[in-house]
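Every chain is numbered from 1 and lettered A, B, ... according to where its sequence line falls, protein lines coming before strand lines.
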There are 2 protein chains.
Amino acid sequence: MRLSTKARYGVRAMVRLALSQKDGPVQLSLIAEKEGVSEKYLEHLFRHLKANGLVLSQRGARGGYVLARPAEKITLYEIVKALEGSLAPVDCLKQADLCERSLFCATREIWKGLKKKIESYLKSKTLSELAQEQEEKINAPIYHI
Amino acid sequence: MRLSTKARYGVRAMVRLALSQKDGPVQLSLIAEKEGVSEKYLEHLFRHLKANGLVLSQRGARGGYVLARPAEKITLYEIVKALEGSLAPVDCLKQADLCERSLFCATREIWKGLKKKIESYLKSKTLSELAQEQEEKINAPIYHI
DNA sequence: TAGTTTTCCTCTAGATTTAGTAGGAATTAA
DNA sequence: TTAATTCCTACTAAATCTAGAGGAAAACTA
Ligand code: FES
Ligand code: FES
């Protein structure tokens, strides 16, 4: 039940992008430095993000990435799905023939319900909410001594 | 975000056990045959199930497994957790130092919320509910021609 | 007691997925 | 033209998953 680091880093990168894009396109090198991830790895993530219509890119000098939509219109669900592929706990949800006797399998209904819960939670969270919370954390951190 | 086959088969095996244990301990060979899983693989699963106090075992001839508690008192959460280890979407929930700057990471709160959603859903489903639904599926199947 | 059944334990191994890295081509701004 | 930056393809090392082999230990049966 674990998310890949793609999703983990990808969401963080999107938050960073939301916070940084006021002055035009953001370079991966900047995000890489701020998040402590290699630029090469970010390239992979942003390929998926772009392919799923979440970011726009500008090549060449002074290029970079910007959000394809306002952050309020981007949900966590879209980001995670773009990076993770699918949120189904079991493959037989999409492809029923992966389990023989799937028509008579009661557990399949459970996994279907679980998938719905996960999706509805992630759909309820927008990137702008997350970006705002992140900003508050930076400005008013709680120090644990 | 996928469950391992351990969890998938394990839950099915527990349902089968709940349905079959009226006449005493159930042998793995029976479950293996009914569920189309190798007996050797089931041994692994039941080791975890037993270690987590979900089943009791009886060795030797006419031995087998029974539920450690009535099926109404066993939740899906317990079964999945026994087999999967943890339901946390990211490791830094348990071990904060896996991510540097985790104190200032807004996404961590999101994953914490997601974990809660997953757990509360699985806690709301008992093995007896599932076993009953499975029985109904067998008795009144819908045939897709 | 001897024989059979069944769980229990350790070890091994192939397959798959994950998490990156390398190297360079294409594009754009200055 | 030069420098910056995304884009593309391929590759690889490591981790994890999914088992399977072989036999020890326990308990029932006769
Ligand atoms: S149909 Fe896939 S687990 Fe039952
Ligand atoms: S603290 Fe682990 S993802 Fe942010």
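- Heavy-atom distances to DNA chain D give each of B/E84 and B/G60 a nearest nucleotide, and the one nearer the 5′ end belongs to B/E84.
- A donor N or O paired with an acceptor N or O is not found under 3.5 Å between the base of C/dA29 and the side-chain atoms of A/R62.
- Listed here is the closest heavy atom pair of B/A13 and B/I31: CB-CG2, 4.0 Å.
- Of the candidate nucleotides C/dG20, D/dT6, D/dC28, D/dT6 has the atom nearest to the side chain of A/S57.
- Evaluation of the side chain to side chain donor-acceptor pair (under 3.5 Å) rule for B/K40 yields no partner, not counting sequence neighbours.
- Of all nucleotides listed (D/dG20, C/dT6, D/dC7), C/dT6 comes nearest to the side chain of B/Q27.
- Residues B/L87 and A/Y121 share a single hydrophobic cluster, defined by chaining ILVMFWY side chains whose heavy atoms lie under 4.5 Å apart.
- In this structure, A/R59 places its CZ atom 14 Å from P of D/dT5, rounding to the nearest Å.
- Remark: A/R12 engages B/E100 in a salt bridge, criterion side-chain N to carboxylate O under 4.0 Å.
- Looking at heavy-atom distances under 4.0 Å, B/F46 makes no contact with the nucleic acid at all.
- When the nucleotides C/dT5, D/dT6, D/dA21 are ranked by their closest atom to the side chain of B/K40, D/dA21 comes out on top.
- Protein atom OH of B/Y41 is 18 Å distant from nucleotide atom C1' of C/dT7, rounded to whole Å.
- For a distance-only test at 3.5 Å, the side chain of A/H44 fails to qualify as a donor-acceptor partner of the base of C/dT18.
- A donor N or O paired with an acceptor N or O is not found under 3.5 Å between the base of C/dG20 and the side-chain atoms of A/K6.
- A/L49 places its CG atom 13 Å from the P atom of D/dT6, with the value rounded to the nearest Å.
- Nucleic acid contact for B/S29: none, since no nucleic acid atom lies under 4.0 Å from a heavy atom of the residue.
- What separates CG of B/L42 from P of D/dT18 is a distance of 14 Å, to the nearest Å.
- Looking at which nucleotide of DNA chain D each of B/Q58 and B/Y9 is closest to, the 5′-most match is held by B/Y9.
- Atom CG in B/L56 sits roughly 14 Å away from atom P in C/dT7 (whole-Å rounding).
- Side-chain contact between B/R8 and A/C99: present, with at least one pair of heavy atoms (C-beta onward) separated by less than 4.5 Å.
- Counting any heavy atom pair closer than 4.0 Å across all strands shown, A/E43 reaches a base atom.
- Side-chain proximity of A/R47 to C/dT21, D/dC8, C/dT7: nearest is D/dC8.
- Remark: of the listed residues B/K6, B/K81, B/E84, B/K6 is the sole one forming a side-chain contact (heavy atoms from CB on, under 4.5 Å) with B/H48.
- Distance CG (A/D91) to C1' (C/dT16): 12 Å, rounded to an integer number of Å.
- In this entry the distance linking OH of A/Y65 with C1' of D/dA4 reads 14 Å, nearest Å.
- For C/dT17, neither phosphate oxygen OP1 nor OP2 lies less than 4.0 angstrom from any side-chain nitrogen or oxygen of A/S4.
- For the pair B/L83 CG and D/dA19 C1', the computed distance is 15 Å after rounding to whole Å.
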